[in-house]
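Everything below concerns the one structure shown next.
All values reported here derive from a predicted model rather than from experimental measurement.
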Amino acid sequence: MSHQRIAVVGGGIGGVATVAALRAGGYAGEVVLIDRAAFPYDRPPLSKDYLAGTRDLKQIALQQPEWYADQRVELIGDADVVAVEPAADTVMISLADGQVISADHVVLATGGRAVRPPIPGSGSARVFVIRDAEDADRLRAVLETTDAPRLLVVGGGLVGAETASTALGLGASVVLVDPLDPPLAAAVGPTVARFLHDQHAAHGIETLATVLESVQETPRGIAAQLRGEDQAREFDAIVIGVGMSPRTELAEAAGLEVDRGVLVDAGQTTSHPRVLAIGDCARLRDHHRAEHWEAAQHDGQRAAATILGAAAPARTASWWWSDRHHRHVEGTGTMRAADGTHTVVARGEIGDGPFAVFTLRGDVVIGAVAVDDSNAVRAARRMIDRGTVVDPEKLADPQTDLRKLLRG
Amino acid sequence: MSTGSSTGIRVASADDIPEGEGIEIPRDVTGTDDDIALLKDEDGSVYALNNTCTHEVASLADGWVEGGKVECPLHSSKFCLKTGAVEGLPATKDSVAHRVEVREGEVFLYPGERPA
């Protein structure tokens, strides 16, 4: 192969996975990783122990500093890419400081930004999102420097629930609003969604099924008007966790096809053969964006395989996790069949102990969610990938060894 | 970390460990800084690694063992059973592998000794 340089734009899990896979796959040319941050760090802790202050930025680094030298990856940190210009034989990348880098292939791993709905007054410095380390730093500063801080969390999905739980641990009084009651039912099914959402109230968080209509700064905080309430409530900070939108500006300016994400084929190639896109900024044609940590990692491995002309790693059922109120939640696959013809099997009692809920279509598992029972999800994931035929009664029995069930 | 004795410490029967799973041997038995996870691959081979995942506090003995690797039960970091080398993020630091031998169905651990 004649490659001499590959550039990856974005140092999230996807970008780091890409450069690691290029080297693991034997790529001998130059590898450049360009990141907005000083060095690539992991984002899941931002709403958990990084926000709590129990792990710092170095402790959530995606790789140790010496790794980049060991892997001969040139890391360009604190850098903004202002243009990506693909041509027939090369791609030019322009940085804000004037530096121009040419590469044989560029992998866009620009991620997303937190959605900020157009709520009147929400431009206030007391309104936060959680996407970058700086976001978590600013929120933590308010929570730590305010006596008995009052926090409103808007959105009861993963980021909202985790942020609410962490803030509670930092001594905040927390109100969590979401128009859905319970939130997250599409991801975890209605039963587990109810259980998870009720955990907030059980730990002293006030949950309300409503929406934030407007906010206004006050001398001591910020007043939030919730739909259905006569009076605004005062908080010290508001966190909005209602999803993310892909960062596609560079791709759009480059003339690439973009539609709710940079459109890619099964090998992560965009509408230009020298540009690939992965992770939260990308969307596989005719599919929804995955928006999961591991999915971004797999995208990066696939992009590296495409560039190297190697066989792509097999696609697997999706996998995600969440930690809140000292419970570890994991999920895989989908909790409802597209045509609604699924059955649900609970393993263990939904409560304080470990449990899992499986979704089956016929006698094949299509999804599972577990609380404090990771290995149930590990097993379910392999059942999904292999199409293992299972007996629902055995699946439901906590005494059944799922590994044995998996072997058939 | 202590150096291993020539005969090792008998820590379990091989049958105590289900295939694809692990058990935890406490540090006051092994004399090591960390507890040790005895992990049995699907082919029945037994391996020993420091029990605490190098990423966050989680017990590798509770992990999923398959294909020469153990997957952390918390965030699915992967470690090589033979060497302890990290083979999957989010962990970035290697675990420590210890020599183990199975003799007549009994597992002998050599804490602090590298596997052959």
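Neither the backbone nor the side chain of Asp373(A) comes within contact range of chain B, judged by heavy atoms closer than 4.5 Å. Residue contact with chain B, scored on non-hydrogen atoms closer than 4.5 Å, is absent for Gln59(A). Only the backbone of Ala61(A) comes within contact range of chain B, with at least one heavy atom under 4.5 Å from a heavy atom of that chain. For a residue to count as touching a neighbouring chain, one of its non-hydrogen atoms must lie under 4.5 Å from one of that chain's; by this rule Asn375(A) touches chain B with backbone and side chain alike. Looking at Trp293(A), the atoms closer than 4.5 Å to chain B (heavy atoms on both sides) all sit in the side chain, from C-beta outward. Of the two parts of Val65(B), only the backbone, made up of N, CA, C and O, holds a non-hydrogen atom closer than 4.5 Å to a non-hydrogen atom of chain A. With a 4.5 Å cut-off on non-hydrogen atoms, Leu406(A) touches chain B through its side chain but not through its backbone. The contact between Ile13(A) and chain B is made entirely by side chain atoms (from C-beta outward), counting heavy-atom distances below 4.5 Å. Both the backbone and the side chain of Glu21(B) come within less than 4.5 Å of a heavy atom in chain A.
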Exercise. Step by step, work out the side-chain contact (heavy atoms from CB on, under 4.5 Å) result for Leu402(A) and Phe358(A).
Key: CA-CA 12 Å; Leu402(A) 290 178; Phe358(A) 299 82; 4.2 Å; yes
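Taking Arg382(A), Lys404(A), His328(A) one by one and counting their heavy-atom pairs under 4.5 Å with chain B, the maximum is reached by Arg382(A). Among Glu330(A), Arg55(A), Gln63(A), the residue with the largest count of heavy-atom pairs under 4.5 Å with chain B is Arg55(A).
With respect to the salt-bridge test (charged N to carboxylate O, under 4.0 angstrom), the residues Asp280(A) and Arg131(A) qualify. A salt bridge between Glu66(B) and Arg378(A) is absent, with no side-chain N of the basic residue lying under 4.0 Å from a carboxylate O of the acidic one.
Dense packing is recorded around CG of Asp43(B), with more than 12 heavy atoms of other residues, nucleotides or ligands lying under 6.0 Å away. In Glu349(A), the CD atom is not crowded: 12 or fewer heavy atoms of neighbouring residues, nucleotides or ligands sit closer than 6.0 Å.
Ring geometry for Trp320(A) against His292(A) counts as parallel: the plane angle stays under 30°, on a 0 to 90° scale with 60° as the upper cut.
A cation-pi contact links Arg140(A) to Tyr50(A), judged by a cut-off of 6.0 Å to the six-membered ring centre and 45° from its axis.
In this model, no donor atom of one side chain and acceptor atom of the other lie less than 3.5 Å apart for Arg347(A) and Thr400(A).
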